[in-house]
Amino acid sequence: MTDATRLTAAAAAARIRAGELEAGELWEAYRARAAADELNAFTWVSDAAEPPAVAPDAPLGGVPVAVKDLFCTEGVPSQAGSRILEDYRPPYTATSVERLVAAGAPLLAKTNQDEFAMGSSTENSGYGPTLNPWDTTRVPGGSSGGSAAAVAAGTAPWAIGTDTGGSIRQPASLCGIVGLKPTYGAISRYGMIAFASSLDQAGPFTRDVTDAALLLQAMAGPDPCDSTALGLPEPVALPQRTDLRGVRLGVPEELTGEGIEPGVLAAFEATLDRARELGAEVEPCRLPHSPQGIAAYYLIAPAECSSNLARYDGVRYGQRVDASDLLHMYTETRDRFFGAEVKRRIMLGTYALSSGYYDAYYGRAQKVRTLIAQDFKDAWARFDFIAAPTSPGVAFELGAKADDPLAMYLNDFCTVPMSLAGIPAISLPCGLGEGMPVGFQLAGPAFSENALLDASHALERAIGFDSAPWRAEAGDGRSEAGA
């Protein structure tokens with residue numbers, strides 16, 4: 001039989017339900033691959049020889065899932081990529097993870113990430129950087145780089161991460177897989193170790209759009225433990241569309257001009273041509289306040305993180321430095337166990353919220369956020385979706401931007417506007433630039449996930465990108481993977 005790890009998750013689940021594949025066989029195959037990982041994609045891998053029993057009709061069919069380190073999982077290390085939470089084992093499980101397990105996706109592993117989701121390269125992890133499976137001298141993106149690398153490398157069939165300013169879409173782009181950021185509030189944040197509460201949103205990493213729909217289907221919904229979790233207005237359907245007739249795509253000048261690498265722009269333009277061939281109407285549009293998105297985001301997110309991370313003081317949980325008095329215990333614990341980027345953002349956020357500066361910085365950033373959201377609302381009067389590159393460039397070399405925070409922050413230039421507006425967006429692999437994957441981003445109105453997945457499915461079929469470089473190990477498996 002063909003190696004089961006070459007199947008998409010949907011195809012593997014179908015075979016398990018049909019009795020053609022044993023769930024235990026699939027579990028052991030992935031567990032062995034994850035245990036042998038050389039990309040530092042995981043912070044913990046299950047040592048269970050057999051997966052938990054799964055109901056025969058479970059929607060996710062017994063296909064195991066990898067979960068970003070910041071999702072609380074009962075009795076399993078949940079460290080948010082930080083040394084201050086080293087070996088922290090929560091007494092409860094995040095709602096989104098509980099729902100995946102209940103739907104038939106046993107927990108395979110926890111994935112590496114930038115500390116507290118602060119970064120665009122996974123180089124800020126307290127447990128070392130993750131490597132890109134396409135080229136191990138390069139970063140996989142971040143902050144959910146471990147999840148993206150694991151799916152791209154075939155060490156996990158699918159995974160989940162979180163997106164605050166692009167932390168699902170950008171690593172999906174750099175690793176050549178599908179990454180979906182749902183509408184803010186579609187999925188419960190309960191049990192997610194917080195970075196910026198008004199922006200954080202969970203979402204899937206998958207090999208194709210159908211798998212993304214399956215994970216979203218299982219995770220979405222309201223939650224009494226999270227007052228911001230609204231769910232979706234209609235059930236998530238598996239995408240079926242094969243053309244784009246009648247679809248209007250807007251291409252914002254602000255996100256496709258200066259700063260976009262030539263190889264990325266060429267792949268993006270080629271994908272727009274495919275969209276036209278499928279029947280889409282493609283026209284330029286304006287999102288005039290999008291260029292201010294990065295500045296607004298890097299005031300709002302650090303401000304919220306400075307509040308959220310105040311709880312890590314060595315008193316209730318996590319690491320502690322013994323000191324002569326309480327104040328020194330606080331300061332020395334945070335100094336020793338927080339990384340440089342986390343300290344930088346706490347300081348930025350505290351300054352932005354300080355007396356005398358609140359209105360000048362944080363207050364003004366919130367006004368820009370409102371203007372960006374209004375730009376998108378205006379665009380929906382003319383267009384069904386907005387199309388843009390996911391990342392301005394392809395994966396860069398490890399260490400290349402580590403000493404230049406501004407250059408690192410600009411990796412999120414094309415993704416931050418959608419996060420600030422709270423709308424859904426998806427990244428699809430659309431080709432190569434410099435031999436590395438390029439992502440094509442589609443964004444839609446709030447709660448338009450079904451339409452967004454349908455359009456992405458049609459485009460994905462037309463592009464025909466093989467999202468798994470590791471298949472070269474055993475020959476081309478595209479026909480099986482697309483089954």
Side-chain angles (χ1 to χ4, degrees), residues 113-114 117-124 129-135 137-149 151-152 161-181 203 205 251-252 254-272 287 290-291 293-294 297-298 386-398 400-402 404-420 425-443 456 459 463 465 467:
Q113 61 166 91
D114 283 301
M118 299 179 197
S120 302
S121 65
T122 318
E123 292 173 289
N124 294 328
T130 297
L131 311 179
N132 192 309
W134 288 78
D135 180 347
T137 67
R138 302 187 185 222
V139 303
S143 63
S144 310
S147 290
V151 174
T162 57
D163 193 306
T164 306
S167 290
I168 289 175
R169 291 162 288 156
Q170 186 254 12
S173 172
L174 270 54
C175 289
I177 59 173
V178 173
L180 171 66
K181 184 202 86 69
F205 288 95
V251 182
E254 295 81 2
L255 302 181
T256 53
E258 185 179 355
I260 308 298
E261 290 180 0
V264 170
L265 200 56
F268 175 73
E269 294 287 355
T271 306
L272 290 179
L287 296 174
S290 288
I294 284 287
Y297 174 83
Y298 280 101
I386 296 297
T390 307
S391 176
V394 297
F396 47 91
E397 292 187 357
L398 290 158
K401 301 182 181 182
D404 189 345
L406 181 58
M408 188 71 79
Y409 296 166
L410 288 172
N411 285 292
D412 298 329
F413 182 79
C414 298
T415 55
V416 154
M418 295 76 175
S419 294
L420 291 171
I426 190 169
S427 179
L428 308 172
C430 67
L432 300 176
E434 301 178 23
M436 297 297 291
V438 172
F440 181 90
Q441 182 177 204
L442 276 181
S456 301
L459 200 51
I463 295 169
F465 185 86
S467 61

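Positions are given from 1, in the same order as the sequence printed here.
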Of all heavy-atom pairs between G145 and P171, which one has the smallest distance, and what is that distance? CA-CB, 4.3 Å

Indicate yes or no: at least one non-hydrogen side-chain atom of I168 is less than 4.5 angstrom from one of L180. no

How about V394 and L174: do any of their side-chain heavy atoms sit closer than 4.5 Å? no

Can you name the salt bridge (charged side-chain N to carboxylate O under 4.0 Å, His left out) partners of D114, sequence neighbours left out? none

So which heavy atom on A149 is nearest to which on T130, and how close? CB-CG2, 3.7 Å

Interatomic spacing from CZ in R138 to SG in C175 - rounded to 0.5 Å: 12.0 Å

Using the rule side-chain contact (heavy atoms from CB on, under 4.5 Å), only one of L410, D412, D404, N411 pairs with M408; which is it? N411

So, for G179 and R169, which heavy atoms are closest and what is the spacing to 0.1 Å? O-CG, 4.0 Å

When you measure from the side chain of Q170 to the backbone of G142, do you find a donor-acceptor pair of N or O atoms at a distance under 3.5 Å? yes

Please list, chain by chain and in numerical order, all residues satisfying ring-ring contact (aromatic ring centres under 6.0 Å, His included) with F440, sequence neighbours excluded. F268

Got F413 and L255 here, is their nearest side-chain heavy-atom distance under 4.5 Å? yes

I'd like to know if the side chain of S419 reaches the main chain of T164, judged simply by a donor and an acceptor atom lying under 3.5 Å from each other, with no hydrogens or angles considered. yes

Report the distance from atom CG of L420 to atom OG1 of T415, rounding to the nearest 0.5 Å. 9.5 Å

Can a donor-acceptor pair be found, under 3.5 Å and without considering hydrogens, that links the side chain of N124 to the backbone of M118? yes

Please check if the side chain of T137 supplies one atom and the backbone of E397 the other of a donor-acceptor pair under 3.5 Å. no

For A267, enumerate each residue passing the side chain to side chain contact (heavy atoms under 4.5 Å, CB included) test, keeping only those at least two apart in sequence or located in another chain. C430, V438

Quick check: does any side chain N or O of S167 sit under 3.5 Å from a backbone N or O of S143, one acting as donor and the other as acceptor? yes

Looking at S173, S391, C414, P389, which one forms a side-chain contact (heavy atoms from CB on, under 4.5 Å) with Q441? C414

Tell me if a side-chain donor or acceptor on Q113 pairs with a main-chain N or O of G146 at a distance below 3.5 Å. no

Contact between P291 and E258 at the side-chain level, heavy atoms closer than 4.5 Å - yes or no? no

Give me the atom names and distance for the closest heavy-atom approach of A443 to M418. CB-CG, 3.7 Å

